[in-house]
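Remarks on the structure that follows.
Letters A, B, ... are given to chains in the order of the sequence lines, protein chains preceding strands, and every chain is numbered from 1.
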There are 2 protein chains.
Amino acid sequence: MTARPGKVTQREIARIAGVSQTVVSMVLNDRDDTNVRIPAATRERVRRAIEQSTYVADPAARRLAGLDNKILGVFTYESALTPESMDFYGPLLNGIERAAERLGCDLLFFTGSPVEEGRRRLFHRDTRLRLADGCVLLGQQMDGEDLERLVAESFPFVAVGRRDETDADVPYVGIDYGALTATLITRAAELGHRRAVYVHRDRDSPTARDRLAAITTSTGQVAFTLTAVGDDLTGLPGIITAQGATAVFAEDAFLVEDIALVLSEAGITAPAQVSLAALGEVRGHRIAERPLTGFQVPRQQIAAEALALLQQLISTPADEQAAITRQRLLQGDVEYGGTLVARGGAR
Amino acid sequence: MTARPGKVTQREIARIAGVSQTVVSMVLNDRDDTNVRIPAATRERVRRAIEQSTYVADPAARRLAGLDNKILGVFTYESALTPESMDFYGPLLNGIERAAERLGCDLLFFTGSPVEEGRRRLFHRDTRLRLADGCVLLGQQMDGEDLERLVAESFPFVAVGRRDETDADVPYVGIDYGALTATLITRAAELGHRRAVYVHRDRDSPTARDRLAAITTSTGQVAFTLTAVGDDLTGLPGIITAQGATAVFAEDAFLVEDIALVLSEAGITAPAQVSLAALGEVRGHRIAERPLTGFQVPRQQIAAEALALLQQLISTPADEQAAITRQRLLQGDVEYGGTLVARGGAR
DNA sequence: CTCATCTGATAATTCGCATTATCAACGGCG
DNA sequence: CGCCGTTGATAATGCGAATTATCAGATGAG
């Protein structure tokens, strides 16, 4: 470690002002109890000594003494600042930065975590996690054990995205995909659709389950045929015609794009013959010159809410923690777009 | 501060393993001097105790004890993660993240710094700056006093962008705009240009001076008329015709776009009648359907180099610091584009 | 058998700051 | 004059890890 000759400590200030280190600390923290009385004159003398110098409190020492550091950790399971991941992380990070600015907090990105199996590890022997007052977790796929351990150690944290794989009481902020899905299905029913196909990935996440649940409980409005895909969509056109489906819903926008391709190759025109919709963020996606129907996920808002919750978890004393709503679902918006049209292709 | 019931300390490990805290520390740091001897058996016992527990070293305590934390600060004078600033900061941040990953360092973004006059303040009473081993400074406009103070306190840091406004020995990594400018001028001369106008902003930065210097020393190849602008470009067409200029260089791409507009309104077609070029990054900019001629600034590389330098400054003992090249200029590339064409508008 | 040397481990101290307990000086009151 | 409450400050302690000084016991040489 490079020497820090220029470092000014409270002790040094105390020497200059002719008082004890204790007084300097008191003055800095504006303490004025009945136990602690410092006359205005002394206070002023210390203040001037501080201003004349270049004193800044050592955050490490503050932390060690048990104070908040106003540092919030940001952990992403993958690199967050690459051009590719900016699509997903960009709005989230922006929201986090803005919220942090408002709260006067700095952000510690755990970019130094060792990578195993393509994912960063949250816990490792040199983790700086504890330096933060709390931590936001981002990423599509999180590690259940990490979450459990954080809960067990009662380290304040918030996951972005619905996370209730584990039975631990994981604090998160997510989107209510179930409600959004139900809304979209109702819309499809209004447009005359009675039979549809839902194409989903075989990933098992809470939000995937939410979507599925909304779909399976919607049978009164629209009857869905479910089909899980790996990368193979070749069977889809057959399923559609066999079922007499007039709409295809897919788990996300990229999947819809693949589907549109397969359909057009099979001679099925969308949305004229078959409507299309994604049960995920659709911003920027277009199918057949039309904006894709799906959801708008307010990522900046999610981030802001996540930081608000985190701040609350941090600043709430243990005996009041129970009163906090630790799981929060935001509503999001349906983007009606132009690819879900009336049955029969009326336009 | 929320209590941390789950916190495991070295003392706790020591109790479990039946040794003293000292030994735990020794084992963790793999110390084995002549002064420090720990038999393999004991060592193993401690190791197991550590692994069984959830122990992680408290970074604040390590820091206080004078060790490196593998934390690099990132200070931007403006918000870095907004959609608008992503253009400029994105590649830099990406480069920084990748370099930090390689070095095993975490990144501390000082988003909590108070904002004055639209700029974040680096030094303030609650700054967490010292928590980092060193710091990278980003931003178009930096504060000279900040830089001087960092140098005075011999805090390891690196500015991104040429910074020698002050007489302090500020470490930086920048682009050699002088060399790039000279290259572009030579190219213009080859294409037959003899008289040109250089439109610059009246900002006085080191890189601005570099460009100007290259221009004023190029009189043997191309004779330049200089003109500084605020927002007013209306006089430009007059200057061009008066001087018989066949090319217009401007300080940056946005300025060129403004110029192209003014010229076209004055009935001057570019690049047919007047060639255009920017002495700055031109990626994504097009004029009259052609890619703008100018520079390509390797921002990721700059960031990587900045972090490399920073790491060097941090890890080099005081008595060898003098051997480090603290100011580094990278070369960048000329983007020949399509708006600098042979004199007379040949194609 | 005794004194020196080596082994293995611990107590004590440091870092900078916050907090608690403690203390000296002073003034008023009975 | 002596007791007490108030005022203004300080010494002492803790936080967690690293480092230094120190020490007890085993072993060796003379």
Original post:
Is any side-chain N or O of Asn29(B) closer than 4.0 Å to OP1 or OP2 of dA17(D)?
Top reply: no
Original post:
Does the side chain of Arg11(A) get closer than 4.0 angstrom to OP1 or OP2 of dG16(C) through an N or O atom?
Top reply: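 Negative; the distance criterion is not met.
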Distance in angstrom units between [X] [atom1] and [N] [atom2], rounded:
| X | N | atom1 | atom2 | value |
| --- | --- | --- | --- | --- |
| Arg125(B) | dC17(C) | CZ | P | 13 Å |
| Leu64(A) | dC15(D) | CG | P | 9 Å |
| Asp68(B) | dA18(D) | CG | P | 13 Å |
| Ile13(B) | dA18(D) | CD1 | P | 13 Å |
| Leu67(B) | dA18(D) | CG | P | 6 Å |

Closest to the [X] side chain: [options]?
| X | options | answer |
| --- | --- | --- |
| Ala65(A) | dT19(C), dA17(D), dA18(C) | dA18(C) |
| Tyr55(A) | dC17(C), dG16(C), dA9(C) | dC17(C) |
| Gln10(A) | dC17(C), dA17(D), dG8(C) | dC17(C) |

Subject >> Strand-adjacent residues in residues 17-28 of chain A, judged by heavy atoms under 4.0 Å from DNA chain D >> reply: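 Within this stretch, Val19(A), Ser20(A), Thr22(A), Val23(A) sit under 4.0 Å of the strand.
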**OP:** Measure the spacing between CG of Leu129(A) and CZ of Phe75(A) and express it to the nearest 0.5 Å.
**Re:** 9.0 Å
Subject >> salt bridge (Lys or Arg N to Asp or Glu O under 4.0 Å) between Arg149(B) and Glu153(B), intermediate numbers included >> reply: CA-CA 6 Å; Arg149(B) 181 160 168 189; Glu153(B) 298 185 12; 2.9 Å; yes
Original post:
So, Arg121(A) and Asp126(A), do they make that salt bridge, N to O below 4.0 Å?
Top reply: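 No, Arg121(A) and Asp126(A) are not salt-bridged.
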Original post:
Any luck finding a side-chain donor-acceptor pair between Asp133(A) and Gln311(A) under 3.5 Å?
Top reply: no
Original post:
Gln141(B) and Arg119(B): side-chain donor and acceptor closer than 3.5 Å?
Top reply: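 Side chains of Gln141(B) and Arg119(B): no pair found under 3.5 Å.
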Subject >> Touch class at under 4.0 angstrom, heavy-atom based, for Arg62(B) against every strand present >> reply: sugar-phosphate
